[in-house]
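As structure tokens, the structure follows; a few thoughts come after it.
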Amino acid sequence: MSYRYIGNKSRLLRPIVDRIGGIVKKGAVVADLMCGTASVSEALRVAGYRVVASDMMSYAFHHACIRLKLDRPPIFAAVSKDGYLGVLKHLESLPSTFGHFFREYSPEGQPNNGERPRMYFSPENAASIDAITQQINEWRSLGKITDLENSLLRHDLVLAANRVANIAGTYGHYRSTWSKSSLTQLTLRPSTFLWGISTDHDVYQGQAEDLAQSISADLCYIDPPYMKRQYAANYHIIETIARGDAPEAVGVSGLRPWRDQYSDFCSKVRVRDSFRKIIGGMQCQTFLISYSEDGLLSKEELMQLFSEFGRVDFERLIHQRFKSNVGGEGGTVEEYLFKITK
């Protein structure tokens, strides 16, 4: 499972897990407080750690639940005689529903705020998203699917929508012309599962600064936002899919109201206090913090900040810079790793 995501660490999994392995033994509790797509969390699960993952975004919560808490597909006993694959087949075969996504995010819709029709999805795919969302919501409201079954279907729909979204990298705006992939039919691909690997992990949703006060771990891995771009704004559409709601679509791009998921890590004024709340308030003696050289704070500023809490060890990793489909700097970028020992 993967998609283009600002700060995604898929290409750095091996060195990150190796560094963690040099600090704590297998079986230790490792927290991943801002897990995003949960690629690091899943790698830690495979490596034999007990993982506590969290994120404030709903789609990230669903991704983490699937990557950490399932080792086989749930049975969907209340809605299908043919299990998980039968549910996906049923959802794909639903007749089109001309709802929120069709109205707000397809060129045949008429946005409620009077803006010109948007081109995030083809009319057919937008209507499919509406139909599938409506069915999942109905099952959920009737208690016919469990929490994990709900997370799995939302997870699968987010990935399916992302494959056909007419975007250049994030959902901050849509493309003015159709990409080839956006004109293909939306399909729900079955998720893969890590059969036989422990599912004894915890997943939470909320602000990392708040959750850290009640989490205890042997090591805490922190991969915070490092730029001014807010994830809640740049991934507003998959957040709506993950929630299954129909919020007001604001402005030309149709952003959902997102201030409730504002991250102080995207503010140069507030980021230091956020780090202090987590490191100072969490029951954990060792922290491994990943931060980009493109970030709001320099290496020197971070060293000064982290030194308030104890010994700081530093190293650099090289990887590819995030680049949208239509531009951006590209090339390589240094990733800073800070180990803090209280």
Side-chain angles (χ1 to χ4, degrees), residues 1-17 19-20 24 28-70 147-148 151-152 154-155 158-159 162 170 191 193-194 197-227 229-232 234-235 238-239 242-243 261 263-266 274-275 277-279 282 284 286-292 319 322 335 337:
M1 185 215 91
S2 65
Y3 55 86
R4 301 173 69 79
Y5 196 69
I6 300 171
N8 188 290
K9 294 298 182 292
S10 295
R11 296 179 181 180
L12 291 176
L13 291 179
R14 178 169 291 180
I16 288 172
V17 174
R19 299 317 184 269
I20 291 172
V24 293
V29 177
V30 179
D32 183 3
L33 284 187
M34 295 175 234
C35 65
T37 62
S39 59
V40 172
S41 290
E42 184 179 65
L44 290 169
R45 174 193 177 191
V46 172
Y49 298 100
R50 185 173 181 276
V51 184
V52 180
S54 68
D55 203 284
M56 66 177 172
M57 304 306 298
S58 302
Y59 59 82
F61 172 81
H62 293 314
H63 292 332
C65 284
I66 302 317
R67 301 185 89 163
L68 291 177
K69 297 180 73 66
L70 288 175
D147 289 344
L148 278 176
S151 283
L152 178 56
R154 307 280 186 192
H155 164 88
V158 165
L159 296 183
N162 194 73
T170 73
S191 290
F193 302 93
L194 299 170
I197 297 181
S198 173
T199 59
D200 183 23
H201 309 283
D202 295 315
V203 182
Y204 301 104
Q205 184 176 0
Q207 293 279 3
E209 298 95 316
D210 298 328
L211 293 173
Q213 310 309 309
S214 58
I215 291 175
S216 177
D218 298 302
L219 181 144
C220 179
Y221 172 71
I222 305 176
D223 179 20
Y226 59 89
M227 302 166 65
R229 288 193 284 180
Q230 291 281 344
Y231 283 68
N234 278 279
Y235 296 97
I238 58 173
E239 179 66 14
R243 292 196 194 190
Q261 292 175 304
S263 173
D264 285 345
F265 282 94
C266 298
S274 288
F275 272 124
K277 287 176 184 176
I278 293 173
I279 301 168
M282 187 173 175
C284 183
T286 307
F287 295 80
L288 187 66
I289 300 171
S290 180
Y291 205 81
S292 173
H319 72 119
F322 178 87
E335 189 75 15
L337 280 183

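Expressed to the nearest 0.5 Å, how far CG of D223 lies from OG of S39 amounts to 8.5 Å. Separating the CD1 atom in I215 from the SG atom in C220 is a distance of 7.5 Å, to the nearest 0.5 Å. Going from atom CG of L33 over to atom CD of Q207 covers 11.5 Å, rounded to the nearest 0.5 Å. Separation of atoms OH (Y221) and CD1 (I20) is listed at 7.0 Å; rounding is to 0.5 Å. Between atom CE of residue M34 and atom CZ of residue F265 there is a gap of 3.5 Å, rounded to the nearest 0.5 Å. The distance from the OG atom of S214 to the CE atom of M282 is 9.0 Å, given to the nearest 0.5 Å.
Using a 4.5 Å heavy-atom threshold, the side chains of L152 and L148 count as separate. Contact check for Y231 versus D55: no side-chain heavy atoms found under the 4.5 Å cut-off. Between D264 and E209 there is a side-chain heavy-atom pair separated by less than 4.5 Å.
A pairwise comparison of heavy atoms in I222 and I278 identifies CD1-CG2, 3.7 Å as the closest pair. Residues R45 and I197 share a closest heavy-atom pair of NH2-O, 2.9 Å. Of all the heavy atoms in A53 and A64, the pair that sits closest is CB-CB, 4.3 Å. Nearest heavy-atom pair, R50 versus D202, reported as atom, atom and distance to 0.1 Å: NH2-OD2, 2.8 Å. Shown here for Q230 and C266, the closest heavy-atom pair between the two residues is NE2-CB, 3.2 Å. Annotation for S41 and V51: closest pair O-CG2, 3.8 Å, computed over non-hydrogen atoms.
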Evaluation steps, side-chain contact (heavy atoms from CB on, under 4.5 Å), between L337 and R19: CA-CA 9 Å; L337 280 183; R19 299 317 184 269; 3.9 Å; yes
For the pair V24 and T286, evaluate side-chain contact (heavy atoms from CB on, under 4.5 Å) and give the outcome as yes or no after the intermediate values. CA-CA 9 Å; V24 293; T286 307; 5.8 Å; no
Take I289 and F275, measure what side-chain contact (heavy atoms from CB on, under 4.5 Å) needs, and give me the verdict at the end. CA-CA 10 Å; I289 300 171; F275 272 124; 4.0 Å; yes
Dump the intermediate steps for side-chain contact (heavy atoms from CB on, under 4.5 Å) on V17 and L44, then the final yes or no. CA-CA 7 Å; V17 174; L44 290 169; 4.3 Å; yes
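Here the options are H62, R67, H63, the test is side-chain hydrogen bond (donor to acceptor under 3.5 Å, both in side chains), and the partner is H155; only H63 passes.
Taking a cutoff of 4.0 Å between a charged side-chain nitrogen and a carboxylate oxygen, D210 and K277 do not qualify as a salt bridge.
Aromatic ring orientation, Y59 versus Y235: tilted (interplanar angle from 30° to 60°).
Between the side chain of E239 and the backbone N or O of A232, no donor-acceptor pair lies under 3.5 Å.
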